[in-house]
Amino acid sequence: MCSLLVNIPANAKWTQNGVTIAGGNGEGSATNQLYYPHGHFVHDDETVVIADCMNHRIMQWKNGDTTNRQVVTGGNGQGNGLHQLDRPTDVLIDKETDSLIICDWGNGRVVRWSRRNGTTQGEVLIDNINCYGLAMDEKRYLYVSDVGKDEVRRYQLGEKNGTLVAGGNGEGAGLNQLNYPTFLFVDRDRSVYVSDKHNHRVMKWVKGAKEGIVVAGGQGQGSALTQLNGPNGLFVDTLGTLYIADSWNSRVMRWTQGDKKQGTVIVGGNGQGAGANQFNDPEGLSFDRHGNLYVSDFSNNRAQRFSIEYDL
């Protein structure tokens with residue numbers, strides 16, 4: 001995730017029933033369907049792009065127009081051609097070049113596609129990487145998680161090897177280790193937040209640090225407010241409050257800065273299901289500039305939007 005600056009009041013609440021803005025019509029490849037959606041990105045103008053993993057494509061829709069959904073990348077079948085994707089897991093928009101940067105997980109590469117009309121193929125930025133999550137800081141450095149090497153690297157665009165910024169000491173639960181790092185967020189200080197999925201915790205690695213700090217979870221796998229269960233998408237607002245898609249608990253949690261002991265459930269937490277107030281393995285998570293919450297609801301094959309409530 002990119003460090004879009006979002007001011008969310010500390011006591012904010014969200015509507016408990018989500019509105020389906022994409023998918024929700026069963027598993028499939030029509031433009032009104034998704035098939036295991038993963039990470040997504042909300043642009044300043046509230047255009048949303050989403051990694052539609054098992055359809056091997058990136059979908060886009062505009063704010064408020066849930067009928068105008070279009071395939072913007074891939075959609076040419078599963079494959080490793082430059083016009084194809086293979087199970088993409090995350091995507092972001094590089095505003096400087098008006099392009100999409102995509103974690104093409106099944107092909108073990110990170111690719112870039114121009115958003116200009118007529119673009120029919122992408123270019124490979126990084127290859128031979130078991131990538132899962134992406135983030136970009138304000139200096140346009142790209143951060144990529146590698147679930148094979150249990151590490152996160154930072155790249156200047158065009159660079160192939162990158163600089164290690166988290167993990168890289170083998171799979172494990174030490175403070176200098178990660179175990180299946182998925183989604184990322186980079187704050188204004190270039191600290192990297194990592195969903196350390198199989199350790200059921202979120203880690204913060206300050207720029208240049210050799211070890212991370214546990215900022216959420218880390219109390220074993222479980223559903224107590226002190227615990228996480230397979231965390232995925234994450235977001236940090238301007239107050240330093242952390243929001244997490246707690247996937248296997250089917251809920252979204254908020255952890256305030258300095259209180260790593262327990263979080264609060266802000267949406268979901270009503271059991272696994274397909275109701276408007278339920279999730280089935282939420283994956284991607286982000287906010288628009290107004291503080292509305294977007295969640296990729298993986299096993300329900302839909303993307304949900306939860307409006308912020310301003311009568312606080």
Side-chain angles (χ1 to χ4, degrees), residues 1-2 4 20-24 27-43 47-62 69-80 82-94 99-115 119 121-122 124-126 129-136 142-147 180-185 195 197 230-235 245 247 279-287 294-305:
M1 187 53 56
C2 199
L4 175 69
T20 301
I21 58 169
E27 178 186 294
S29 60
T31 55
N32 69 344
Q33 294 178 303
L34 297 169
Y35 189 179
Y36 290 170
H38 277 62
H40 64 260
F41 182 89
V42 182
H43 196 281
T47 296
V48 181
V49 289
I50 190 163
D52 189 10
C53 182
M54 294 305 290
N55 280 324
H56 317 293
R57 67 188 183 185
I58 305 298
M59 294 292 293
Q60 174 179 287
W61 63 94
K62 308 275 188 179
R69 306 181 191 99
Q70 60 183 128
V71 180
V72 289
T73 303
N76 298 305
Q78 179 179 14
N80 61 6
L82 289 177
H83 65 301
Q84 293 175 304
L85 299 170
D86 183 353
R87 290 163 288 166
T89 52
D90 206 4
V91 59
L92 59 82
I93 295 174
D94 176 16
S99 59
L100 297 170
I101 298 179
I102 303 158
C103 175
D104 190 12
W105 175 77
N107 282 320
R109 65 190 185 186
V110 177
V111 296
R112 177 167 59 191
W113 286 57
S114 169
R115 297 178 74 214
T119 301
Q121 66 178 42
V124 178
L125 294 178
I126 306 163
I129 183 169
N130 202 346
C131 60
Y132 199 101
L134 301 170
M136 185 177 273
L142 184 65
Y143 298 72
V144 187
S145 64
D146 187 326
V147 293
Y180 211 81
T182 56
F183 292 99
L184 306 174
F185 189 94
S195 274
K197 186 171 184 175
N232 272 312
L234 71 170
F235 193 96
S247 290
F279 298 113
N280 189 352
D281 194 6
E283 278 261 337
L285 176 150
S286 60
F287 290 87
Y294 297 74
V295 182
S296 302
D297 193 6
F298 178 85
S299 293
N300 282 326
N301 298 300
R302 67 187 182 183
Q304 300 287 89
R305 181 179 185 269

> Just by distance, do the side chain of Ser145 and the backbone of Phe183 share a donor-acceptor pair under 3.5 Å?
Replying inline: no
> So, Arg87 side chain and Asn107 main chain: donor-acceptor pair closer than 3.5 Å or not?
Replying inline: no
> Got a second to check how far Phe235's CZ is from Leu285's CG, nearest 0.5 Å?
Replying inline: 8.5 Å
> So, do Leu85 and Ile58 sit near enough that their side-chain heavy atoms are less than 4.5 Å apart?
Replying inline: yes
> Where the side chain of Asp104 meets the backbone of Asp86, is there a donor-acceptor pair that is under 3.5 Å apart?
Replying inline: yes
> Taking only residues two or more places apart in sequence, or in another chain, which ones meet Tyr36 in a ring-ring contact (aromatic ring centres under 6.0 Å, His included)?
Replying inline: Phe298
>> Any non-hydrogen side-chain atom of Glu27 less than 4.5 Å from a side-chain atom of Met54?
In response: no
> Can you name the side chain to side chain donor-acceptor pair (under 3.5 Å) partners of Asp146, sequence neighbours left out?
Replying inline: none
> Does the side chain of Ile101 reach to within under 4.5 Å of the side chain of Met136, using non-hydrogen atoms?
Replying inline: yes
>> Quick check on side chain to side chain contact (heavy atoms under 4.5 Å, CB included): which of Val111, Leu92, Ile93 does Leu100 satisfy it with?
In response: Ile93
> Which heavy atom in Cys131 sits nearest to a heavy atom in Cys103, and how many Å separate them?
Replying inline: SG-SG, 2.6 Å
> How about Arg115 and Val72: do any of their side-chain heavy atoms sit closer than 4.5 Å?
Replying inline: no
> If we only count heavy atoms from C-beta on, is the Val110 to Leu142 side-chain gap below 4.5 Å?
Replying inline: yes
> Is any side-chain heavy atom of Arg109 closer than 4.5 Å to a side-chain heavy atom of Ile126?
Replying inline: no
> Taking the side chain from Arg305 and the backbone from Val295, do they hold a donor-acceptor pair closer than 3.5 Å?
Replying inline: no
>> Rounded to the nearest 0.5 Å, what separates atom CG in Asp297 from atom CG in Asn280?
In response: 6.5 Å
> Should Thr20 and Gln304 be marked as a side-chain hydrogen bond (donor to acceptor under 3.5 Å, both in side chains) after you check the CA-CA gap, both sets of side-chain angles, and the distance that decides it?
Replying inline: CA-CA 5 Å; Thr20 301; Gln304 300 287 89; 2.6 Å; yes
>> If you compare all heavy atoms of Gln33 against all heavy atoms of Asp52, which two are closest, and at what distance to 0.1 Å?
In response: O-OD2, 4.0 Å
>> Tell me the closest heavy-atom pair linking Pro88 and His56, and the distance in Å.
In response: CD-CA, 3.8 Å
> Do you know the tightest heavy-atom contact between Gly23 and Arg69?
Replying inline: N-NE, 4.5 Å
> If you round to the nearest 0.5 Å, how far is OG of Ser29 from CE of Met59?
Replying inline: 10.0 Å
> Taking Ser296 for the side chain and His38 for the main chain, is one N or O donor matched with an acceptor at less than 3.5 Å?
Replying inline: yes
> If we only count heavy atoms from C-beta on, is the Phe287 to Val42 side-chain gap below 4.5 Å?
Replying inline: no
>> Suppose we screen for side chain to side chain contact (heavy atoms under 4.5 Å, CB included). Which residues come up paired with Gln84, at least two apart in sequence or across chains?
In response: Asn76
> Pick from Thr89, Asp90, Asn232: which one makes a side chain to side chain donor-acceptor pair (under 3.5 Å) with Thr182?
Replying inline: Asn232
>> If you compare all heavy atoms of Gly28 against all heavy atoms of Arg57, which two are closest, and at what distance to 0.1 Å?
In response: O-NH2, 4.4 Å
>> Quick check: closest heavy atoms across Thr119 and Trp113, and the distance to 0.1 Å?
In response: CG2-CE3, 4.2 Å
>> Does Trp105 form a side-chain hydrogen bond (donor to acceptor under 3.5 Å, both in side chains) with Asn130? I'd like the steps, not just the answer.
In response: CA-CA 6 Å; Trp105 175 77; Asn130 202 346; 3.1 Å; yes
> Testing Thr47, Thr31, Ile50, Val49 for side chain to side chain contact (heavy atoms under 4.5 Å, CB included) with Trp61, which one passes?
Replying inline: Ile50
>> A side-chain contact here means heavy atoms from C-beta on lying under 4.5 Å apart; do Val48 and Phe41 qualify?
In response: no
> Quick one: OG on Ser286 to NE2 on His43, what's the gap to the nearest 0.5 Å?
Replying inline: 13.0 Å
